[in-house]
Each structure stands twice: as structure tokens, then as C-alpha cells.
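Structure first, commentary second.
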Amino acid sequence: MDDKKILAILTKNEESGSKDFIRQIIEEDIRNKKHNGEVHTRFPPEPNGFLHIGHAKAICLNYGIAVQYGGKFNLRFDDTNPIKEETKYVDAILEDMKWLGTNWEDRLFHASDYFPILFDYAVKLIEKGKAYVDDLSAEEIREYRGTLTQPGKNSPFRDRYIEENLDLFMRMKKGEFAEGEKTLRAKIDMAHPNMNMRDPVMYRIMFKTHHRTGDEWCIYPTYDFTHGESDSIEGITHSLCSLEFENHRPLYNWFLEELEIFHPQQIEFARLNLSYTVMSKRKLIMLVEEGYVNGWDDPRMPTISGLRRRGYTPESIWDFLDRIGMAKSDNLVDYALLEHCIREELNKTANRYMAVLKPLKVIIDNYPEEKTEELEAINNPEDESAGTRKVPFSKELYIEQDDFMEDPPKKFYRLAPGREVRLRYAYFLKCSSVVKDEKGNVVELRCTYDPETKGGSAPDGRKVKATLHWVSAKHALDAEVRLYDKLFVNENPNDASEGRDFRSNINPHSLEILTKSKLEPALTRVKPGERIQFERKGYFCCDTDSTKERPVFNRTVTLKDDWLKIQRAMKKD
RNA sequence: UGGGUCGUCGCCAAGUGGCAAGGCACAGGGUUUUGGUCCCUGCAUUCGGAGGUUCGAAUCCUCCCGACCCAGCCA
């Protein structure tokens, strides 16, 4: 993934669509030579969890704009709360950012880099009489804040002299007070209709080791006092963030104006909600910590690392995020669109192979015992340059259990007793009898083949309705295949019944592990991370759990399946 | 009942006073050695509702209804 590809995706979709409201504003600003017509964006994650596709929406917006308008892009960790942040999250975020194709050049920053400047800013506000040290406890502050409909009341410490505030703040910094004993607050308006303006806390005392500054500080600025100033320090022209910060914009503006520093323009957009999954970091952490999934990069997770392991590509994610657009209305985007994007890409790029996921043994009675033929197969019908490969064929094969029915309904046109089908790239095959176990389960098929149909077409011109994939039994590779499905049964997992939460909507069948799958031998060459198509079954990605002896494949997405639709329709009748 | 936002097809989303783009989903049909891909076709007389202004309104005005965010020393 690089800027050229990003630009290509962005322009491709722009041709048919139109510009979102943020790009319209930015183009207008460029036209008006605001900020000398320059654009500088940023992505400011807190390193307290893994990035998910909702973050990717913000990343692609900010980075995409920088690329499109010849601007710059910063990556800044908003690390103002030492008790939540960890280096392992920093590392994971960096990896995901690179994988998504963003390039911040030498502009990797941390809000913690600005602690000294922020401290000076705080002093400046105290000196201006715009900030004060408050002795109120957390509970008292809450009480004094008032409610949504009632104004708050002033703290008794609100009118301390500037000198006293300065002295107290210095002593806070020196560690003379206990955690929670004092805070620094902005002096704005305790009766303001916007709760954020009711003397928000700027600094709190925390005797905690910070992942970067260690024990240098025992007072830490709040996000509200840090964020706007950090953007200002970096010269961010357009601070793009999600809707919930709309209420904070007046506060950020207040700080910027009182401090008389560069004023970025904040524009808010709606965050992404995806059907059948959750996007809040808190909930994602619960899924990980309570063992509903196997870690942050579980292929069922909407995290970047999960999607990557599932087999999604950065291209497909960019395409998806570009297609959903950018607006301010609450949304719940259909998961099917994400699936469409990865299918569309993999259809063009993934090589095809034959793999029998749930095997059923087939014995061809009229095929010579020891014979093996090498049949030529096309790697990718959508890409001639992908070439061909050889697939071994012999007397004993596996076909998919789903491809045989003893007593088929009318619309089923795969294999059945007495019926003829084509084995892909091989021969026509006719089922002569069925072998069952004591319980009556079909365990083996006895068939015959027509030697005249080599390659898959009959000289006499007769047709078959179906083409099946298959694997030669003695050449087959054993593999584990992990079939993933939606993590939740509800479109919106947060719609839980009374007294229950999103966990009650978890899909108990989101993972099916197949341990007896049979692969064609060419699959030996496939390496972890590689994406392929198992013909007629779906797109799969070789998992990092693979060993030489035992490859593991994750199902990224199924192929579209009309037969499934027909079956559903038949059930209804 | 305070403040800030948002309501256009099942899901996203254009539209900014001149007569409802596009994508996904869905439904038909064609091609096909993947029931895949591809290709056709269909899919909002109507824009949360009601009034009003105008020759003309999704777009302007008024009122009403619904949804979301805010009462962390989280971000």
C-alpha cells in the first residue's frame, strides 16, 4: 500500500460520487488561501488499545486528505493518562498504521512531548486569572458542577489570588500534595449551558509512571487541556475528529484564544458503526479479556490486526471506507459492503486452488489402480499472467460432502446416484453406488469416469449441470481450516434485552474449526499471510499458526452463493 | 425540562430553489469447466410530519415529531 494506490482508490470513487463535506470545506479553504493554502492533518490515537476499523475511518480521512491535497500528516500519540497507556499498544498502532499505508515521515509525536509547554500554558492562564487551583474533591466537583438542566455553583477556591494559585500549582508539580487533593481548573462559567465550560479540570495529580516520561511528572494535563494545544503546536490546519467532540470545540477554542496561539479548525464527522460487531474500545477489551475471542488479532475482531489476519487487505479497507462516505448522521453500515470490497479485490488477485473442506471419499471403479495423471489448471481466470499449474488425479478422490445428495431436490444439480457431473479440469464422473456405515451415513461413493472427457468436455457434446472441485486422496495435504462467521447475532449487538448487555448477543457459532480438510499439493508453497481462493468455497488466508506439517487457513469470506439462496427459499416453501 | 448535532430507498450517501446521483443489499434474465466472476433489467411521483413563501421546495420560513452526544480529576 502506497500513496499512489491510495490516490487511485480515492479518485476512482470520486469520479462516480461527489466530495464529502469535509473535503468541500478544505477545498474552499485552499481556494481562499487560508493557512497559505496549505493542509496539515493528523491522527491522534491514545495508546490504550488496538486500532479498529472505526479508527481506520479517521486515519484514511486524515491521511487521504494529506495525500490528495499535497499536505502533511502527523501521527501523534495522545498519551496524557499514564494509568491506561502502554508501550505494547504503541507498537501495535505503529504496525497497523504502516500496514494501512500511512507515512508520517519524521513527524511522529507524543502529547507527552508537550508536557513542558503545556505546563507553561497553564501558568500563563493562571497569570491571566483564567485558571485556579481547586481543593475540592472529585465528588465535590461533581456536586458543584450542577446538572444538564441546573447551573453549577462556584468553588469556594475559585477566587484565590493569582500568586497563591501560582504557588500552589508549583507545589502540585513538586509533589507536595496527594493524588486527588488538588486540581487546576479553567475559570470559565459554572452556569454555562455547555457542561464542558463549567470550569473543566486542566491538571490532576497522579503519582504514576508514564510510559515515556517515567516519573518526571506527578501532575498530568487532561485530554481537554492537551488536545487542542497539541494540534496548535503542530500547526494542524484541520483537526478532524468524531462527533462527540463537537461539545468540546468551544472549550478548545477558549483555550486557544486565551493562550493566543495558532488556531486549527476543528471539523467533526460521524464515527463508523458496522453491523454485527462492536466498535468501542471498552467492549473490545472485554471480548479479549473475558476470552470471547483469542486476542486482539482474532480474525473475528473488527481490529486492523484482526482484519489483517482474517485476510483483508489495506486496499479493501481503504476502498470500503471511501465508499461509505463521510457525513454527520448516525450510521450502521452493512457488513456486506466490507465483504463486497474484499471479494472484489481478491477476485482479481487471488490464485485459485482446490480444497475439500469436508471430505467424502470417491472411488473410481474403472480408473487404473496405480495411475496418476497431471492435469493442467488455471491459477486465476481473471488474470492470465498468473499462469497454470498441474493437479494430480488418481483412482481415489475426495469431494465435498455438500456436493452429493442421495435424494436430491429438483434444484440440486450436483452429484447424486446415477447422475453425471464434471470434475474440474479432469473428467466427467458418474455415481454408480453409495457405501454407508452401520448408522446409514454415506461414507463413500463408487463412481465411474468417462476417459473420453479428459479436460472436462465431452466429444459427443453432452452437457453436465455441475462442476465439482476435488482432491486426489493419495496426494492430498491435511490441513486445518477455520471457518469464521459474524461475532454477533444481532445487526446491532448493543440492542440487548432488558438487563443484559452486548455479550448476550455473541454468536456461539462464530468459529468452526475443520481438522480433516484435504488440499491439493500445490498448496505446500503457500506461506502465512498469503490470500487464495478455494474454488467454489471462498477466499482464505494462510494463518500464522501454520506449520510445515500442518497448514492452517482462515476463511476471509465465502463466495457469493446462489445455491444457499435457493435452499433458503425452498425452506420457506 | 439546558446545550450541541442529526433525520433523503432495507444499509450507506449525493443533492445547497428548477423538477430525486451512485454504491451495497435485494429481485429477475443472459454468458460461464467456480450455483463465483462478468453482462443486462428492475428497485424513492418522493426527501421525519404538518402548515406556509414561490410559477416552481428535499433545498427558504414556522411549528411539531424522532434519534444521538454532554453531568470522568477518561480520551
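Below, chains carry the letters A, B, ... as their sequence lines are ordered, and counting in each starts from 1.
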Check whether the side chains of [X] and [Y] place a donor and an acceptor atom closer than 3.5 Å, and report yes or no.
X	Y	value
A:Glu268	A:Gln266	yes
A:Asn154	A:Tyr144	no
A:Asp199	A:Tyr132	yes

For A:Glu384, is the CD atom crowded, meaning more than 12 foreign heavy atoms sit under 6.0 Å from it?
no
Roughly how far apart, to the nearest Å, are [N] and [M] at atom [atom1]?
N	M	atom1	result
B:G3	B:A71	C1'	12 Å
B:C65	B:G29	C1'	44 Å
B:A44	B:U37	C1'	30 Å
B:G7	B:C64	C1'	14 Å
B:U41	B:G4	P	48 Å
B:A25	B:A13	C1'	14 Å
B:A50	B:C69	C1'	28 Å
B:G18	B:C61	P	16 Å

Per salt bridge (Lys or Arg N to Asp or Glu O under 4.0 Å), A:Asp135 is matched among A:Arg160, A:Arg185, A:Arg158 by A:Arg160
Identify the nucleotide, in any strand shown, that forms a Watson-Crick or G-U wobble pair with [N], with both distances under 3.5 Å; if there is none, say none.
N	value
B:C11	B:G23
B:G2	B:C70
B:U31	none
B:U59	none

[X] near the nucleic acid: base, sugar-phosphate alone, or nothing, with a heavy-atom cut-off under 4.0 Å?
X	value
A:Leu423	nothing
A:Gln533	base
A:Leu559	base
A:Met197	nothing
A:Ser329	sugar-phosphate
A:Arg424	base
A:Phe412	base

Taking the side chain of [X] as heavy atoms from C-beta outward, which of [options] is closest to it?
X	options	answer
A:Thr467	B:G23, B:C6, B:U34	B:U34
A:Arg414	B:A13, B:C12, B:G35	B:G35
A:Ala327	B:C24, B:A13, B:G36	B:A13
A:Leu332	B:G35, B:C12, B:U37	B:C12

Should [X] be listed as having a side-chain N or O under 4.0 Å from OP1 or OP2 of [N]?
X	N	value
A:Gln24	B:G15	yes
A:Arg536	B:G35	yes
A:Lys565	B:A27	yes
A:His340	B:C24	yes

In whole angstrom, give the distance that lies between atom [atom1] of [X] and atom [atom2] of [N].
X	N	atom1	atom2	result
A:Arg198	B:G4	CZ	C1'	14 Å
A:Lys560	B:C26	NZ	C1'	10 Å
A:Met405	B:G35	CE	P	16 Å
A:Asn492	B:C11	CG	C1'	13 Å
A:Asp334	B:C9	CG	C1'	14 Å
A:Ile53	B:C12	CD1	P	15 Å

Do side-chain atoms of A:Arg271 reach the backbone of A:Ser242 as a donor and acceptor pair under 3.5 angstrom?
no
Check for a donor-acceptor pair, side chain of A:Asn62 on one end and backbone N or O of A:Ala58 on the other, with a separation under 3.5 Å.
yes
Which word best sums up how the rings of A:Tyr223 and A:Phe245 line up, parallel for under 30°, tilted for 30 to 60°, or perpendicular for over 60°?
tilted
Should the pair A:Tyr449 and A:Phe393 be assigned to parallel (<30°), tilted (30 to 60°) or perpendicular (>60°) ring geometry?
tilted
Can you pull out the residues from residues 456-466 of chain A that lie within a 4.0 Å heavy-atom distance of RNA chain B?
A:Gly456, A:Ser457
Syn or anti conformation of B:G23, syn meaning chi within 90° of 0:
anti
If we check ring-ring contact (aromatic ring centres under 6.0 Å, His included) with A:Tyr220, which of these qualifies: A:Phe115, A:Phe207, A:Tyr114, A:Phe225?
A:Phe115
For a ring-ring contact (aromatic ring centres under 6.0 Å, His included) with A:Phe540, tell me which candidate from A:Tyr353, A:Phe553, A:Phe534 qualifies.
A:Phe534
Under the 3.5 Å rule, do the base of [N] and the side chain of [X] count as making a donor-acceptor pair?
X	N	answer
A:Glu382	B:G36	yes
A:Glu268	B:U5	no
A:Arg352	B:U34	yes

Is the distance between the ring centroids of A:Phe77 and A:Tyr89 less than 6.0 Å?
no
State plainly whether the residues A:Lys565 and A:Asp561 are in salt-bridge range, i.e. N to O under 4.0 Å.
no
Which comes earlier along RNA chain B counting from the 5' end, the contact point of A:His192 or that of A:Tyr539, where each point is its nearest nucleotide?
A:His192
Nearest heavy atom decides the nucleotide; on that basis, is A:Asn331 or A:Lys328 closer to the 5' end of RNA chain B?
A:Lys328
For nucleotides 67-75 of chain B, give me one character per nucleotide, 5' to 3': B if any protein heavy atom sits under 4.0 Å from the base, S if the only such contacts are to the sugar-phosphate, - if neither.
-SBBBSBBB
